[in-house]
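Here is the structure we will look at, set down as structure tokens.
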Amino acid sequence: MYQAVRGTQDILPDDAPYWRHLENTIHDLCARYGYRRLEPPLFEETSLFVRGVGEGTDIVEKEMYSFTDRGGRELTLRPEFTAGVMRAYIEHGMHTWPQPVKVYSIGPAFRYEAPQAGRYRQFHQVNVEAIGEQDPAVDLEIMSVAWDLYETLGSQGLSFQLNSTGCPACKPVYIRHLVAYYEQHLDDICPDCRRRLQRNPLRVLDCKVESCQPIIEAAPHMRQYLCAECAEHFATLLGYLDLLGRPYTLNHRLVRGLDYYTKTVFEVWAGEGLGSQNAVCGGGRYDGLIEELGGPPTPGIGFAAGLERIILTMKAQGIAIPQLPAPQVLVAHRGAAAKARAVVLASELRAAGIATLLAFGQRSLKAQMREADRAGVRFTLILGGDELAAGEVTVRDMSAAEQQRVAPAEIAGWLKRRL
RNA sequence: GUGACCAUAGCUCAAUUGGCAGAGCACCUGGUUGUGGCCCAGGAGGCUGCGGGUUCGAGUCCCGCUGGUCACCCCA
């Protein structure tokens, strides 16, 4: 028997209301902040992601769904959104638009990872970007969109983790000091950290091995090495956050897996429901990315949030979602002639804007009533020999268990007054 | 990619030292001639994830594969 490919899943009708509610919330929220939708394609040239995400990252090294198409192009299913959005910014000359260009995207992304709770190979993200403005107020705005998303949904127990990773002027200086510090403790750290020191030194900061913790605690912090510009940017952002009374946790160990981040980086951590995955949202500033991809020097900041993870936390916290409207009328019938009338009646009711179910087959009236009951409709319309002869329709109010005859021409109006 | 645990009906789970594969829910049909929910009766639904092995006999024991969950890793 076929089954969904490892790491992929079906969104079934019982879960669909969560998705719809979440997507509606995102669209409303982005509109409130003046972000417009931009949907890049699901796949791009592989080299775009290699350059954009970074050659040494896990994503590029071992997680991309890459393939060669029939024209010999090297393509990759997007593992994240930012690279594609930046490509679109450059390709469509958006640097000539009013800056910053504020856009968002919703859709699937693909990474070849070991699936577990809250982690899938096809997963969905909302991605929000503000491109072309370096003002820390933009950092604040991006973080506020993320904040408001969770606030609007009613999520509890979230924490905003915040750090600055500096810029090309100060980040390398810090890395040199960090490496120098760690080289004095080579015998005390775990093998993974010794490897990280070679490949991606910042990653030692989020090592979880017990014996590495004291080393990390005593390690130099990025913030001690921020250049004047980065320090001022960060201080201004913190001031804005304080003005709005937004709680955040300064986390000097927060480093992110994608190479393009500069200055502000942040994550939102969920309290429960995600197993060992705690990040429901991650983002930051990427002031060098567009230039790296062949565009003009352009600052930018954005974040991505995982929709599956948001829904998992919503369920874990029992967050209520709006009920989707269900059909309120079912048309039942007895006999071929009545069924023909029922087919027409159902069509007329839908045309009149009344969500209507038609009983299929020619099952007993009992079975059709049972179907109406399970569907939860308020009225069942019955068409049989008697109704045909009288030129009327029987309308049964399911909750009151009362019924009456109504003329077909009046039935739509009769129902509309009561629904 | 590494390690641990797990896999029985659509769902949640039973099945004695290895001895005929079951229940609840859900689904279908009935319980007089055209009426739902509650109740009663019946029915359908399984090559016990897949493939090998041990055995007179395997859902049960062994091996491999696939998938799920968890941890590592990483991230949304």
Side-chain angles (χ1 to χ4, degrees), chain A residues 1-9 12 14 53 56-63 78-82 106-128 146 149 190-193 195-196 199-200 203 206-209 254-258 267-270 274-283 302-313 330 332-335 338 359 361-389 394-403:
Chain A
M1 184 170 69
Y2 283 112
Q3 45 185 259
V5 171
R6 181 168 166 80
T8 70
Q9 55 183 348
L12 298 174
D14 281 352
V53 176
T57 59
D58 280 12
I59 289 178
V60 167
E61 278 188 350
K62 51 192 187 192
E63 295 180 0
R78 65 183 179 204
E80 55 108 49
F81 285 70
T82 301
I106 297 185
F110 307 85
R111 294 182 197 172
Y112 190 85
E113 290 197 273
Q116 46 185 270
R119 195 159 109 186
Y120 311 99
R121 290 183 173 178
Q122 180 183 169
F123 60 103
H124 296 75
Q125 290 188 329
V126 53
N127 185 263
V128 183
L149 174 60
C190 69
D192 279 345
C193 278
R195 189 168 42 79
R196 291 186 182 106
R199 303 188 52 88
N200 200 342
R203 296 239 70 90
D206 60 8
C207 180
K208 292 171 187 94
V209 174
L254 179 65
V255 291
R256 312 231 340 115
L258 287 66
E267 289 184 358
V268 182
W269 290 358
L274 283 182
S276 64
Q277 329 296 321
N278 59 353
V280 289
C281 171
F303 75 84
L307 268 40
E308 284 85 355
R309 291 184 183 182
I310 292 175
I311 288 173
L312 282 172
T313 62
L330 180 139
H333 44 81
R334 249 182 78 82
Q362 43 266 316
R363 304 198 294 160
S364 68
L365 198 53
K366 177 191 181 94
Q368 296 179 66
M369 295 296 291
R370 197 156 38 219
E371 181 184 345
D373 184 60
R374 274 186 302 225
V377 299
R378 288 196 42 204
F379 297 102
T380 301
L381 309 189
I382 302 169
L383 279 164
D386 296 352
E387 287 81 2
L388 246 46
T394 296
V395 183
R396 181 175 178 84
D397 181 322
M398 296 300 279
S399 52
E402 294 167 357
Q403 55 194 54

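Just so we're on the same page: letters track the sequence lines, and every chain starts at 1.
The shortest distance between the side-chain N/O atoms of A/Arg309 and the OP1/OP2 oxygens of B/A76 is not below 4.0 Å.
The same atom, C1', is picked in B/G46 and in B/G10; the two are 12 Å apart, to the nearest Å.
In this structure, A/Ala109 reaches neither bases nor backbone, as no heavy-atom distance under 4.0 Å exists between it and the strands shown. If you check every strand for non-hydrogen atoms under 4.0 Å, A/Ala304 touches sugar and phosphate atoms only. As judged by a 4.0 angstrom heavy-atom cut-off over every strand, A/Glu113 is placed among the base-contacting residues. Within 4.0 Å of A/Leu307, counting heavy atoms only, lies no atom of the nucleic acid at all.
Formation of a donor-acceptor pair under 3.5 Å by the A/Arg203 side chain with backbone atoms of A/Cys193 is not found in this model. The backbone N or O of A/His124 sits less than 3.5 Å from a side-chain atom of A/Glu308, completing a donor-acceptor pair. Judged by distance alone, the side chain of A/Arg378 and the main-chain N or O of A/Ser399 form no donor-acceptor pair under 3.5 Å.
Where A/Cys281 and A/Arg334 meet RNA chain B, the nucleotide closest to each residue was compared, and A/Arg334 sits on the side nearer the 5' end. Summary of the strand contacts: A/Ala114 and A/Gly385 both lie near RNA chain B, and taking for each the nucleotide with the nearest heavy atom, the more 5' one is attributed to A/Ala114.
In a base pair of the Watson-Crick type (N1 to N3 plus N6-O4 or O6-N4) or a G-U wobble (N1-O2 and O6-N3), with each distance short of 3.5 Å, B/A71 is matched with B/U2. In a base pair of the Watson-Crick type (N1 to N3 plus N6-O4 or O6-N4) or a G-U wobble (N1-O2 and O6-N3), with each distance short of 3.5 Å, B/U12 is matched with B/A23.
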Expected rows: protein N/O vs nucleotides 67-69 of chain B N/O, under 3.5 Å:
residue : atom : partner : partner atom : Å
B/G68   : OP1  : A/Gly7  : N            : 3.3
B/G68   : OP2  : A/Arg6  : NH1          : 2.4

Check: protein-nucleotides 43-46 of chain B nitrogen or oxygen pairs below 3.5 Å:
none

Tabulated below should be each protein N or O lying under 3.5 Å from an N or O of nucleotides 36-39 of chain B; please produce it.
residue : atom : partner  : partner atom : Å
B/G36   : O2'  : A/Asp373 : OD2          : 3.3
B/G36   : N7   : A/Arg396 : NH2          : 3.1
B/G36   : O6   : A/Arg396 : NH2          : 2.8
B/G36   : O6   : A/Met398 : O            : 3.2
B/G36   : N1   : A/Met398 : O            : 2.3
B/G36   : N2   : A/Asp373 : OD1          : 3.2
B/G36   : N2   : A/Met398 : O            : 3.1
B/G36   : N3   : A/Asp373 : OD1          : 3.2
B/G37   : O4'  : A/Asp373 : OD2          : 3.0

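No cation-pi contact links A/Arg119 to A/Phe123, judged by a cut-off of 6.0 Å to the six-membered ring centre and 45° from its axis.
Between the base of B/U35 and the side chain of A/Gln403 there is a donor-acceptor pair shorter than 3.5 Å.
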